[in-house]
Amino acid sequence: MIVIKNGHLIDPQTGLNGKRDILIDKGRIVKIAESISPPPGAEAIDVEGCVVCPSFTDIHVHFRDPGQTYKEDIFTGSKAAVAGGYTTVVCMPNTLPAIDEPSLVRYVIEKGEEAGLCRVLPAAAVTKGRKGKELTEMSLLKDAGAVYFTDDGAPVMDAHIMRKAMEFAGSIGSFVADHCEDLSLSSDGVAHEGEIAAALGLPPLPPEAEDTMIARDCVLSMHTGMPVHICHLSTKVGVEIITWAKAMGAKVSAEVTPHHLYLTDEEWLDFDCKAKVSPPLREHEDIEALRWALASGIIDIVATDHAPHAHQEKMAEHQHCPPGMIGLQFALPIVLELVRKDYFDLPRLVEVMSINPARKIGLNPPKIKEGETAEFTIFDPTESWEVNEETILSKSKNTPLLGRKLIGKVKYTFYGGKIVYRD
């Protein structure tokens with residue numbers, strides 16, 4: 001038996017927004033009240049000053065298993081997830097081999113269950129081998145447990161194949177998520193096309209490489225009536241396109257990463273390839289557009305695109321360095337900064353990090369409600385902590401945030417009625 005004392009409970013689903021105690025017995029929430037005296041033998045956890053909310057769902061992570069477990073594996077990725085307050089993650093299919101057949105879908109699910117820290121679910125590839133030529137057996141993959149379809153890390157360049165994929169995925173109650181990048185425009189670019197790339201002589205990656213593909217996918221969604229999800233939105237024009245598409249009735253949803261809400265292309269000023277990510281870090285006006293789009297509901301979800309790479313890979317010359325940065329432990333403090341700056345409030349934070357992403361993949365979001373299994377996170381919104389190799393629980397450490405201090409720290413994560421993370 002556990003009693004959580006003095007927490008500020010926030011759950012937009014139940015209307016909770018105030019100070020309450022929680023009694024947990026045999027993994028279930030049995031009582032929520034203004035004050036609960038701990039029964040004999042119960043563990044009392046005083047969380048004065050902390051927020052208690054439904055745990056988070058990240059629909060876009062890379063755990064590199066199978067095939068590249070020197071970067072990350074499902075166990076180490078799960079450790080980083082629960083330290084960030086996440087109890088559900090969706091692994092991308094750009095593994096070796098690609099997750100394009102049912103046995104590989106089941107492999108990821110079983111490895112997640114073996115780790116036992118959080119719910120690990122796979123997205124399956126749209127095309128066989130992620131080569132963009134032939135659709136996968138979507139029905140079989142969905143039956144095996146795939147929650148959606150994406151060739152993430154690569155766009156579906158062929159519009160005809162993308163249309164067929166959207167139609168088929170939609171017909172079986174799923175959806176396609178696209179990494180929007182016109183490869184004929186992005187070419188060998190590594191950094192946002194702007195003043196900094198020009199000054200440093202870095203190959204430019206123009207924003208229209210992303211914008212044109214977003215426009216294509218939105219139009220396809222509008223005409224087919226099928227859903228499409230835009231991965232890691234990063235441009236102000238992309239925000240406008242999605243705003244238009246939603247107004248036209250297209251079934252379009254979008255996610256934004258913490259790093260695109262927080263970091264700009266100025267991270268390249270020291271030529272550090274930890275700043276290389278796809279899509280690239282943009283300019284201040286893009287960040288501002290993304291923040292207001294998240295606040296207004298144009299962007300539906302925060303997803304980390306947690307992308308671990310080995311140290312030696314990120315030390316390579318900028319054109320040969322793989323794009324990506326880790327993010328599971330940094331999402332909460334970065335989104336909390338937007339709360340502190342009055343872009344939106346804590347209930348909206350819970351919506352974009354917990355409720356909306358869970359619903360997007362067909363799950364019932366965790367609820368803080370009597371009778372429910374305890375699945376929530378407790379965080380201190382004012383605690384400052386340093387990002388360093390000791391505090392990062394991912395196997396990889398590739399982030400420009402190394403050495404910086406963030407405000408907002410997860411203290412406990414409950415999953416399956418048990419404490420799976422304790423700071």
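What's counted below: heavy atoms across the whole structure, side chains too, no hydrogens, waters or symmetry copies. We number each residue from 1, following the sequence as shown.
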Not counting sequence neighbours, which residues clear salt bridge (charged side-chain N to carboxylate O under 4.0 Å, His left out) with [X]? List them please.
X: Arg64; result: none
X: Glu137; result: none
X: Asp73; result: Lys395
X: Lys411; result: Glu383, Asp423

Is it true that the side chains of Asn6 and Asp46 contain a donor and an acceptor less than 3.5 Å apart?
->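 Yes, a side-chain donor-acceptor pair sits under 3.5 Å.
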Flag for Thr136-Asp100: side-chain donor and acceptor within less than 3.5 Å =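 Per modelled atom types, Asp100 and Thr136 side chains form no pair under 3.5 Å.
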Around atom [atom1] of [X], are there more than 12 heavy atoms from other residues, nucleotides or ligands closer than 6.0 Å?
X: Gln312; atom1: CD; value: yes
X: Lys246; atom1: NZ; value: yes
X: Asp188; atom1: CG; value: yes

With Pro347, which residues qualify under side-chain contact (heavy atoms from CB on, under 4.5 Å), at least two apart?
->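 Listed in chain order: Ile10, Pro12, Asn17, Asp345.
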Can you tell if the side chain of [X] reaches within under 4.5 Å of the side chain of [Y], non-hydrogen atoms only?
X: Ile326; Y: Ile392; answer: yes
X: Thr264; Y: Leu281; answer: no
X: Glu43; Y: Met1; answer: no
X: Leu363; Y: Leu121; answer: yes
X: Met138; Y: Ser174; answer: no
X: Tyr343; Y: Trp292; answer: yes
X: Leu263; Y: Pro400; answer: yes
X: Arg348; Y: Met353; answer: no

Flag the pair [X] and [Y] as a salt bridge only when some basic side-chain nitrogen lies within less than 4.0 angstrom of an acidic carboxylate oxygen.
X: Glu167; Y: Lys164; value: no
X: Glu267; Y: Arg404; value: yes
X: Glu72; Y: Lys79; value: no
X: Glu313; Y: Lys274; value: no

Which residues pass the side-chain hydrogen bond (donor to acceptor under 3.5 Å, both in side chains) test with Asp178, sequence neighbours left out?
->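 Counting only residues at least two positions away or on another chain, Asp178 forms a side-chain hydrogen bond (donor to acceptor under 3.5 Å, both in side chains) with Arg216.
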Check the pair Arg282, Glu288 against salt bridge (charged side-chain N to carboxylate O under 4.0 Å, His left out), reporting the backbone distance first and the verdict last.
-> CA-CA 11 Å; Arg282 304 288 186 185; Glu288 193 66 11; over 6 Å; no
Return yes if some donor-acceptor pair links the side-chain N/O of [X] with the main-chain N/O of [Y] below 3.5 Å, else return no.
X: Lys367; Y: Gln13; answer: no
X: Lys314; Y: Cys273; answer: yes
X: Lys31; Y: Glu370; answer: no
X: Asp11; Y: Ile368; answer: yes
X: Trp385; Y: Gly408; answer: yes
X: Lys5; Y: Ile36; answer: yes
X: Ser171; Y: Phe168; answer: yes
X: Ser396; Y: His309; answer: yes

Anything under 3.5 Å between a donor and an acceptor, one on a side chain of residues 235-245, the other on a protein residue two or more places apart or in another chain? List them.
unit_1 : atom_1 : unit_2 : atom_2 : d
Thr235 : OG1    : Asp211 : OD1    : 2.5
Thr235 : OG1    : Gly238 : N      : 2.8
Lys236 : NZ     : Glu285 : OE1    : 3.0
Lys236 : NZ     : Glu285 : OE2    : 3.1
Thr243 : OG1    : Val239 : O      : 2.7

Residue of the set Glu210, Glu193, Glu181 for which side-chain hydrogen bond (donor to acceptor under 3.5 Å, both in side chains) holds with Ser186 =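 Among Glu210, Glu193, Glu181, the one meeting side-chain hydrogen bond (donor to acceptor under 3.5 Å, both in side chains) with Ser186 is Glu181.
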Stepwise side chain to side chain contact (heavy atoms under 4.5 Å, CB included) check, Val108 with Asp65 = CA-CA 7 Å; Val108 172; Asp65 194 356; over 6 Å; no
Matching residue for Leu9 among Val51, Leu16, Thr14 - test: side-chain contact (heavy atoms from CB on, under 4.5 Å) =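 With Leu9 as partner, side-chain contact (heavy atoms from CB on, under 4.5 Å) holds for just one option, Leu16.
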Check the pair Met162 / Asp217 against side chain to side chain contact (heavy atoms under 4.5 Å, CB included), numbers first and verdict last.
-> CA-CA 8 Å; Met162 184 62 175; Asp217 289 351; 3.8 Å; yes
Looking only at heavy atoms, what is the nearest atom pair of Leu393 and Gln329, with distance?
->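 Shortest heavy-atom contact: N-OE1, 2.7 Å.
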Please report the shortest heavy-atom distance between Ser354 and Pro366, naming the atom on each side.
->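 Looking at all heavy atoms of both residues, the closest pair is OG-CD, 4.3 Å.
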side-chain hydrogen bond (donor to acceptor under 3.5 Å, both in side chains) pairs, two or more places apart, involving residues 119-131 |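 For residues 119-131: Thr88-Arg119, Arg119-Glu375, Thr127-Asp151, Lys128-Glu134.
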Out of curiosity, Tyr148 OH to Lys360 NZ, how far, rounded to the nearest 0.5 Å?
->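 So the OH of Tyr148 and the NZ of Lys360 are separated by 10.0 Å.
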Gap between atom NZ of Lys111 and atom OG of Ser78 - 0.5 Å precision |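 With rounding to 0.5 Å, OG (Ser78) is 10.5 Å from NZ (Lys111).
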Taking ring-ring contact (aromatic ring centres under 6.0 Å, His included) as the cut-off, I'd like each qualifying pair that reaches into [range], sequence neighbours left out, listed once.
range: residues 99-118; answer: none
range: residues 360-382; answer: Phe376-Phe414
range: residues 41-64; answer: Phe56-Tyr86, His60-His62, His60-His232

Under the ring pair (Phe, Tyr, Trp, His ring centres under 6.0 Å) test, residues paired with His260 that sit two or more places apart |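 Partners of His260 under the ring pair (Phe, Tyr, Trp, His ring centres under 6.0 Å) test: none.
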From CA spacing to verdict: side chain to side chain contact (heavy atoms under 4.5 Å, CB included), Val52, His8 | CA-CA 6 Å; Val52 183; His8 186 111; over 6 Å; no
Mind running side chain to side chain contact (heavy atoms under 4.5 Å, CB included) on Asp182 and Thr212 for me, showing each step along the way?
-> CA-CA 7 Å; Asp182 186 327; Thr212 55; 3.8 Å; yes
